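Note that the coordinates shown come from a computational prediction; the quantities given were computed from them, not determined experimentally. To find a chain, count down the sequence lines: A is the first, B the second, and so on, and within it residues start at 1.
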Amino acid sequence: MNFFEELKWRGMVHDYMPGTEEQLMKEMTTAYVGIDPTADSLHIGHLVSVMLLKHLQLAGHKPIVLVGGATGMIGDPSGKSEERNLLTADTIENNLQSIKKQLTRFLDFGNIPNQAEIVNNYDWMKQFSFLDFIRDVGKHISVNYMMAKDSVKKRLETGLSFTEFTYQLVQGYDFLHLYEHKNCKLQMGGSDQWGNIVTGTELIRRKANGEAFALTCPLITKSDGGKFGKTEKGNIWLDPAKTSPYEFYQFWLRVSDEDALKYLKIFTLLRPEVMEQLALEHHPAPHLRLLQKTLAKELTIMVHGEEQLQTAEDASQILFGAGTSETLAKLDEATFLSIFDGVPLFEVPKAVIEPGVNILELICTHSKVFPSKGEARRMLEGGGLSINKNKVASIDASINTSDLINQKYLLVQKGKKNYVLLKIV
RNA sequence: GGGGAGAUUCCAGAGCGGCCAAAUGGGGCAGACUGUAAAUCUGUUGUCUACGACUUCGGAGGUUCGAAUCCUCCUCUCCCCA
């Protein structure tokens, strides 16, 4: 199976320019995707682009990651309703380094013919003067052409700044630059990038008299229409300090049946036969969540490694399996701690708990499990609060040392899925 | 430059002197049902020393026993005409 076929069966092809497939068949092709260095970690939304490159490299082509140090300072108007804050060069540099580190888990930067590369468009944009830019680049693309782009049209109503309007030219120039300096003939990205990518190919044709291609993949959606990759707590990051491996694992485990297979295709490298088999087994017994478990497992290994997966699985087993207050009580401290690594933890002084303390006081005043008592009260009254896996029945309930696990811990549960650990010190 | 409309709780959007912590919808959270899915139904969605109190309706003042609601000024947004 070649690269193109691979992407197709995985449902990762949304649109491509005529000739793209032929180009990829013809020779080792260099292709790039752009990533905005808006944070010091990638999140799972970025993973699609990364997987595109992964497949590309596996098929023998050469991947380039373009970190948008320059474009990140501007902000793409696509899909945004408002102009974004500009980042400083320092922040971007810092973010870039962290991102680069994460990418090495996916792409081979080693000394091979099709080694992955990472480039920063700030490096070539920073000395480009405004005059030079409008003369050498702006001259080749008409305003009419630029205005016709969806990303621009959508913003005409609410207004967009000249800076944002220029974005597609800057991105287009990146492509031209890579075409000229790295023989890069293909740009990939999400379908929202189509317009920007095509501006690049257009620029390459007019200015370099060359031929370049575009390939986009569908934007990842959720079957219920929500935004992919977001939870109550925000983005799912690859950085374990931002999203613990446990949370990361749980995110994928909670994917709906409808989405599970789709995500498996996009985010894992499993072969079609394997997936077919999984789907077949999943169908008669959906509650076993075979697809979700496989998805969570594959991704956690890929991003965090085997060891972290083990912990995440153990923790999930305890928290969501047949776990009861008895099983909790039986855990020794080391196991207990390793399992709850990644679950938010608050410390409470021993003096508070020794005389016995009201439950609401404990979780609102002495620790910030809930931001306000009103919220905690509501949760409790609605039957959504448990301590050590036992539902708290009344707002007058009090906690004392006999409730502690290993004489030190309390497991507070908000609803079904959210756990917080209290440590008595 | 001239004329008009508006700014309300997470969002959209009612309210136009006391019955307003503020309708309704969306979203969020929780409960029930389940499979840590989906759908559905129910509850909840300012804070607290909690049948009561306190702080909210762009900002600052004022009128009034009493203001999200009336007046003045300011800031910002949108629309129309030049």
* To do: Map E258(A) and G383(A) onto RNA chain B by nearest heavy atom, then report which one ends up closer to the 5' terminus.
  => G383(A)
* For K293(A), report the nucleic acid contact type (base, sugar-phosphate, nothing); a contact means any heavy atom under 4.0 Å. => nothing
* Structure fact -> Any strand, both distances under 3.5 Å, Watson-Crick or G-U wobble: A82(B) pairs with none
* Asked: Using the C1' atom in both, what is the distance from A60(B) to C65(B), to the nearest Å?
  -> 24 Å
* Which nucleotide, A37(B), U34(B), A32(B), lies nearest any side-chain atom of K416(A)? -> U34(B)
* **Exercise: do Q187(A) and Q193(A) side chains pair donor with acceptor under 3.5 Å** => no
* Looking only at heavy atoms, what is the nearest atom pair of R377(A) and I395(A), with distance? -> NH1-CD1, 3.6 Å
What protein N or O atoms touch nucleotides 22-25 of chain B N or O atoms at under 3.5 angstrom, if any, and at what distances?
none

* Asked: Where the side chain of Q250(A) is defined as all heavy atoms beyond and including C-beta, which of A38(B), U36(B), G35(B) is the nearest nucleotide?
  -> U36(B)
* Asked: Using the C1' atom in both, what is the distance from A14(B) to A68(B), to the nearest Å?
  -> 12 Å
* Asked: Over how many whole Å does the gap from K222(A) atom NZ to A38(B) atom C1' extend?
  -> 12 Å
* Between C57(B) and G15(B), how far is it from one C1' atom to the other, in whole Å? -> 10 Å
* Asked: F213(A) and Y16(A): aromatic ring centres closer than 6.0 Å?
  -> no
* Asked: When the ring centroid of H55(A) is compared with that of F3(A), is the distance short of 6.0 Å?
  -> no
* Across all strands shown, which nucleotide pairs with C19(B) by Watson-Crick or G-U wobble geometry, both distances under 3.5 Å? -> none
* Whole-angstrom distance between U56(B) and A67(B), as gauged at atom P -> 12 Å
* Asked: Taking the six-membered ring for Trp, are Y263(A) and F267(A) parallel (under 30°), tilted (30 to 60°) or perpendicular (over 60°)?
  -> perpendicular
* Asked: For Q168(A) and T199(A), does a side-chain donor sit closer than 3.5 Å to a side-chain acceptor?
  -> yes
* With rounding to whole Å, what would you report as the distance between A82(B) and G13(B) at their P atoms? -> 29 Å
* Atom CE of M379(A) and atom P of U42(B): how far apart are they, to the nearest Å? -> 20 Å
* Is there a Watson-Crick or G-U wobble partner for C29(B) with both distances under 3.5 Å, and if so, which one is it? -> G43(B)
* Asked: How about F340(A) and Y419(A): are their ring centroids closer than 6.0 Å?
  -> no
* Structure fact -> D257(A) atom CG is separated from G35(B) atom C1', nearest whole Å, by 8 Å
* Strand partner of C57(B), provided both Watson-Crick or wobble distances fall under 3.5 Å -> none
Would you tabulate the nitrogen or oxygen pairs shorter than 3.5 Å linking the protein to nucleotides 46-50 of chain B?
residue	atom	partner	partner atom	Å
U47(B)	OP1	S372(A)	OG	3.0
U47(B)	OP2	R378(A)	NH2	3.0
C48(B)	OP1	K373(A)	N	3.0
C48(B)	OP2	K373(A)	N	3.2
C48(B)	OP2	G374(A)	N	3.0
A50(B)	N1	R377(A)	NE	3.2

* To do: Using whole Å, report how far OH of Y419(A) lies from C1' of A30(B).
  => 15 Å
* To do: Rounded to whole angstrom, note down the P distance from G27(B) over to C33(B).
  => 23 Å
* Any residue meeting salt bridge (Lys or Arg N to Asp or Glu O under 4.0 Å) with K265(A), in chain and number order, not counting sequence neighbours -> none
* Nearest-Å distance once atom C1' is located in both A5(B) and G58(B) -> 16 Å
* Report the distance from atom NE2 of H287(A) to atom P of C33(B), rounded to the nearest whole Å. => 17 Å
* T401(A) versus Q407(A), side-chain donor and acceptor atoms under 3.5 Å -> no
* Any luck finding a side-chain donor-acceptor pair between N94(A) and T91(A) under 3.5 Å? -> no
* Pairwise 5' ranking along RNA chain B for G382(A) and P286(A), keeping only the more 5' one -> G382(A)
* Asked: So, is K417(A) near the phosphate of A37(B), with a side-chain N or O under 4.0 Å from OP1 or OP2?
  -> yes
* Between G68(A) and P37(A), which heavy-atom pair has the shortest distance, and what is it? -> O-CD, 3.3 Å
* **Donor-acceptor pair between N121(A) and D174(A) side chains, under 3.5 angstrom** => yes
* To do: Answer yes or no: side-chain N or O of E381(A) and base N or O of U44(B) forming a donor-acceptor pair under 3.5 Å.
  => no
* To do: Look at the side-chain N and O atoms of N418(A) and state whether any lies under 4.0 Å from the OP1 or OP2 oxygen of C29(B).
  => no
* Which nucleotide, in any strand shown, forms a Watson-Crick or G-U wobble pair with U75(B), with both distances under 3.5 Å? -> A7(B)
* To do: With C1' as the reference atom in both, quote the distance from A21(B) to G52(B) in angstrom, rounded to an integer.
  => 15 Å
* Structure fact -> pair_partner(A50(B)), Watson-Crick or wobble, both distances < 3.5 Å, evaluates to none
* Asked: Q292(A) CD to A38(B) P: how many Å, rounded?
  -> 10 Å
* Name the pairing partner of G35(B), where a pair is Watson-Crick or G-U wobble with both distances under 3.5 Å, or state none. => none
